[in-house]
2 protein chains.
Amino acid sequence: MATIYQVSELAGVSLATVSRVMNNNVRVSEATRNKVLQAMEQLGYRPNSIAQSLASSRSNSIGILVSELHGPFYGEMLTGIEAEFRAAGKHVIIAAGHSERATEEDGIDFLRSRNCDALILHVEAVSDQFLVDLSKKETPFVLLNRQVPALADRCISLDNELGGYLATRHLLEQGHRNIAYIAGPMWKADARDRFHGHQRALTEYQLSADDALFFEGDFRETGGSKGLDALLASSRPFSAIVCANDEMASGALTAARELGYEVPADFSVMGFDNVNFAYYTYPKLSTINYPVSAMGQMAARWVLKQVYQQSSIDVQQIFNPHLIPRDSVAAATVT
Amino acid sequence: MATIYQVSELAGVSLATVSRVMNNNVRVSEATRNKVLQAMEQLGYRPNSIAQSLASSRSNSIGILVSELHGPFYGEMLTGIEAEFRAAGKHVIIAAGHSERATEEDGIDFLRSRNCDALILHVEAVSDQFLVDLSKKETPFVLLNRQVPALADRCISLDNELGGYLATRHLLEQGHRNIAYIAGPMWKADARDRFHGHQRALTEYQLSADDALFFEGDFRETGGSKGLDALLASSRPFSAIVCANDEMASGALTAARELGYEVPADFSVMGFDNVNFAYYTYPKLSTINYPVSAMGQMAARWVLKQVYQQSSIDVQQIFNPHLIPRDSVAAATVT
DNA sequence: TAGTATTATGTAAGCGCTTTCATTTATAGC
DNA sequence: GCTATAAATGAAAGCGCTTACATAATACTA
């Protein structure tokens with residue numbers, strides 16, 4: 001592999017000049033620039049990014065920590081992030097945190113040790129305090145889908161409360177009054193926020209959440225099927241179920257079918273997230289859109305702006321969800 | 001950030017000694033090792049991986065190029081790869097190729113310029129020749145889900161032909177004789193291989209593929225729905241459809257329902273890949289298992305063995321698919 | 001045309017490590 | 001106790017770049 005030195009020799013200039021044309025910041029005369037470019041071409045020169053990083057103390061790499069690499073959700077997020085950075089010539093290092101405190105902390109450590117210029121974190125299990133402490137260290141980071149009051153300027157998140165509200169309001173508008181709720185793990189902030197939105201919608205209709213119609217699931221399909229079982233076992237009547245995400249809604253749909261119920265004839269089901277398979281369930285799932293790819297992209301832009309000084313970039317920190325009505329919700333039959 | 005120099009000073013030894021204890025390869029006396037370790041601890045020292053890379057000309061990073069970051073398939077693959085490398089202290093840089101020749105070549109270039117020690121490529125659009133040429137350059141790579149004869153020792157792939165065979169044989173065993181086929185894009189090798197397997201199974205039953213019952217799809221849901229339309233339009237009778245992947249099978253299922261058909265009562269549907277949503281379709285999709293996570297992991301092991309000299313590792317290059325019978329296939333009604 | 005301001009290029013000191021080679025110190029053999 | 005050998009440590013030269021700072025070349029002013 002050719003080095004900058006050989007290029008400088010061939011072009012008959014100094015190292016510094018070659019470096020300058022590479023980083024075309026300082027003025028170099030057209031004549032020498034061409035000589036250098038030509039020498040590079042001729043040698044098939046490619047700068048050594050490691051050496052560049054060491055000398056400039058900038059690695060041009062961004063660490064991304066997500067809970068999982070698979071699943072319908074994170075893939076979209078990574079897509080948004082990668083596309084943005086790739087266009088900017090930065091590269092993306094990934095790690096999975098598996099929603100466990102130790103693994104998440106470990107992942108952050110791993111990424112930091114890789115000299116990332118910045119981190120994009122989708123963490124669920126580490127404490128706010130841990131993040132606040134982390135913010136005092138040198139590596140800057142943004143948080144995706146998490147609100148830490150002390151770190152508000154680095155949070156990019158969805159208004160989950162609004163989403164929960166919209167889901168339930170949709171059902172209320174369709175005439176439903178006995179609405180069950182299958183929540184996510186309540187230690188997760190987004191699960192709580194969505195539930196709060198649900199409560200707010202109920203309150204607007206002078207209703208309140210019925211404990212017997214509440215089930216705390218795990219954000220996975222099994223949570224939905226178990227939730228449905230539990231709800232049915234409570235023998236409390238309901239005509240609709242709000243699920244805190246699409247996976248659980250899908251689980252509920254499958255379980256309902258296996259138990260001989262028909263959705264939405266027997267009861268309606270709402271999802272949340274609008275992951276791509278929501279369109280392929282039967283019936284097609286009514287849900288709340290989570291613009292996850294756009295949010296991933298925005299996190300990338302935050303980094304470009306804050307860390308790489310691309311000041312012209314605008315960053316939006318709060319995203320609003322919206323309703324996607326499909327076939328799993330029907331009007332309540334008059335009682 | 002503390003440097004190795006400060007550690008050496010605090011410990012009262014030379015740089016070289018500190019470096020030795022970090023890479024604990026050369027013998028260092030217990031006494032000095034402890035002094036150094038203690039100094040590191042005290043300073044909260046973390047080696048600068050960039051500097052390590054430059055000095056050792058080894059970046060400990062592996063570039064991964066996949067077609068997409070989202071979708072049920074690649075996520076699984078990345079999970080398998082990341083887990084394996086993370087445990088080995090290597091990190092993973094990702095890029096998307098979007099199944100387009102230019103983007104794939106560009107992505108490879110990008111990864112190479114990042115000084116990756118090795119590449120794991122899931123490429124579909126670049127030519128065999130391009131890969132052969134690439135193999136002559138310094139960066140080693142493995143190919144996932146692709147067979148290039150000249151590069152057989154670096155290919156990790158599924159026996160797609162066998163998978164296609166198993167899918168169709170399953171249908172034949174259930175008594176089906178008029179079997180339609182919705183293929184993937186036939187310029188992709190895996191699509192072709194699966195189809196060849198299909199043909200082989202037919203041949204074993206003294207049947208042959210009927211052109212009127214063949215449709216070339218795009219591996220996406222729309223391919224499945226369009227395929228079903230086309231098949232129906234041909235007015236050739238069939239009692240089963242083999243789809244070359246689960247997405248298309250899911251599309252066919254949805255389209256069938258919308259057209260008033262019932263699966264598997266009116267006709268059976270086979271998928272391929274066993275992506276996770278195959279379990280959540282209605283009816284649950286009978287399919288062929290593609291051990292994609294295991295294969296990703298194996299690609300990582302190939303790298304560990306070939307590039308990082310972990311010679312004790314065993315690598316399996318060809319994986320066998322197997323049948324997952326579920327609810328979308330039923331026995332043919334006697335004619 | 002000298003004097004000054006600009007612009008273009010070169011010199012050389014790092015960036016924080018690894019690694020070869022030389023040197024010192026410990027261990028063993030007699 | 002003295003040499004031969006092995007084990008532990010140190011000195012120093014890079015790895016391939018970036019970036020002050022210094023210097024040379026050119027343009028501009030009066």
Side-chain angles (χ1 to χ4, degrees), chain A residues 1-40 43-61 89 112-117 138-139 308-309, chain B residues 1-40 43-61 89 112-117 138-139 308-309:
Chain A
M1 210 60 229
T3 74
I4 196 178
Y5 179 73
Q6 311 182 39
V7 174
S8 77
E9 223 175 13
L10 214 189
V13 299
S14 74
L15 293 188
T17 303
V18 177
S19 176
R20 284 187 190 105
V21 351
M22 293 201 320
N23 304 290
N24 58 246
N25 37 11
V26 190
R27 289 150 305 202
V28 178
S29 77
E30 268 312 299
T32 42
R33 152 166 283 117
N34 285 142
K35 269 194 306 190
V36 170
L37 255 20
Q38 205 176 315
M40 285 177 168
L43 292 169
Y45 170 76
R46 319 174 51 130
N48 178 324
S49 63
I50 300 280
Q52 287 179 313
S53 296
L54 183 59
S56 63
S57 54
R58 169 143 293 183
S59 68
N60 287 313
S61 67
R112 290 210 311 133
S113 79
R114 269 17 246 216
N115 293 73
C116 292
D117 291 338
E138 64 284 31
T139 316
Y308 297 110
Q309 275 80 278
Chain B
M1 209 61 230
T3 73
I4 196 178
Y5 179 73
Q6 311 182 40
V7 174
S8 77
E9 221 174 14
L10 213 190
V13 298
S14 74
L15 294 187
T17 303
V18 178
S19 176
R20 285 187 188 105
V21 351
M22 294 201 318
N23 304 290
N24 57 246
N25 38 12
V26 189
R27 290 149 305 202
V28 178
S29 75
E30 268 314 298
T32 42
R33 152 165 283 117
N34 286 141
K35 269 194 306 189
V36 172
L37 256 18
Q38 206 175 314
M40 285 179 169
L43 292 170
Y45 171 76
R46 318 173 52 131
N48 178 324
S49 62
I50 300 280
Q52 287 179 311
S53 296
L54 183 60
S56 63
S57 53
R58 168 143 295 182
S59 67
N60 287 312
S61 68
R112 290 211 310 133
S113 79
R114 266 22 242 213
N115 293 73
C116 292
D117 291 339
E138 63 282 32
T139 314
Y308 297 110
Q309 275 78 274

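Throughout, protein chains are lettered first and strands after them, A, B, ... in sequence-line order, and every chain is numbered starting at 1.
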D/dT9 OP1/OP2 closer than 4.0 Å to side-chain N/O of B/Thr32 | yes

Distance check: side-chain N/O of B/Asn23 vs OP1/OP2 of C/dT18, anything under 4.0 Å?
-> yes

Distance test, side-chain N/O of A/Ser14 to OP1/OP2 of C/dG10, below 4.0 Å = yes

Verify the contact: side-chain N or O of A/Ser56 to OP1 or OP2 of D/dT18, cut-off strictly under 4.0 Å; return yes or no.
-> no

A/Arg27 atom CZ is separated from D/dA25 atom P, nearest whole Å, by 18 Å

OG (A/Ser49) and CG (A/Leu54) are apart, to the nearest 0.5 Å, by 11.5 Å

note: B/Leu54, atom CG; C/dG14, atom P; distance rounded to Å ~ 17 Å

Rounded off to whole Å, could you give me the CD-to-P distance for the A/Gln52 and D/dG16 pair?
-> 13 Å

Do the side-chain N or O atoms of B/Ser19 get closer than 4.0 angstrom to the phosphate oxygens (OP1, OP2) of C/dT18?
-> yes

side-chain contact (heavy atoms from CB on, under 4.5 Å) test vs B/Ser8 passes for just one of B/Thr3, B/Thr17, B/Leu15, namely B/Leu15

In Å and rounded to the nearest 0.5 Å, what is the CD to CG distance from A/Glu30 to A/Leu37?
-> 9.0 Å

Under 4.0 Å between any heavy atoms, over every strand shown, what does A/Val18 touch: base, sugar-phosphate, or nothing? Just pick one.
-> nothing

Round to a whole Å and report the spacing from CG of B/Leu15 to P of C/dT20.
-> 16 Å

Just how far, in rounded Å, is C1' of D/dC21 from CZ of A/Arg20?
-> 11 Å

Counting just side-chain N and O atoms, does A/Ser29 come under 4.0 Å of either OP1 or OP2 of C/dT9?
-> yes

N/O (side chain, B/Tyr5) to phosphate O (OP1/OP2, D/dA12) under 4.0 Å | no

Rounded to the Å, how far apart are B/Lys35 NZ and D/dT9 P?
-> 7 Å

From D/dG16, D/dA11, C/dA12, pick the nucleotide closest to the side chain of A/Ala16?
-> C/dA12

Look at A/Thr17 and C/dT9 and indicate whether a side-chain polar atom (N or O) is within less than 4.0 Å of OP1 or OP2.
-> no

Side chain to side chain contact (heavy atoms under 4.5 Å, CB included) assessment of B/Arg58 paired with B/Tyr308 = CA-CA 10 Å; B/Arg58 168 143 295 182; B/Tyr308 297 110; 3.9 Å; yes

Considering only side-chain heavy atoms of A/Val28, which listed nucleotide, C/dT9, D/dT19, D/dT9, is closest?
-> C/dT9

Atom pair distance, as rounded to whole Å: CD in A/Glu30 and C1' in C/dT9 | 15 Å

Measure the CZ-CZ distance between A/Arg114 and B/Arg46 for me, rounded to the nearest 0.5 Å.
-> 11.0 Å

Rounded to the nearest 0.5 Å, how far apart are CD1 of B/Ile50 and OG of A/Ser113?
-> 10.5 Å

How close or far is atom P of C/dT9 from atom CG of A/Asn34, stated in whole angstroms?
-> 11 Å

Given DNA chain D, 5'-ward residue of the pair B/Ala55 and B/Gly12, judged by closest heavy atom | B/Gly12

What about A/Arg46: does its side chain form a donor-acceptor pair under 3.5 Å with the base of D/dG16?
-> no

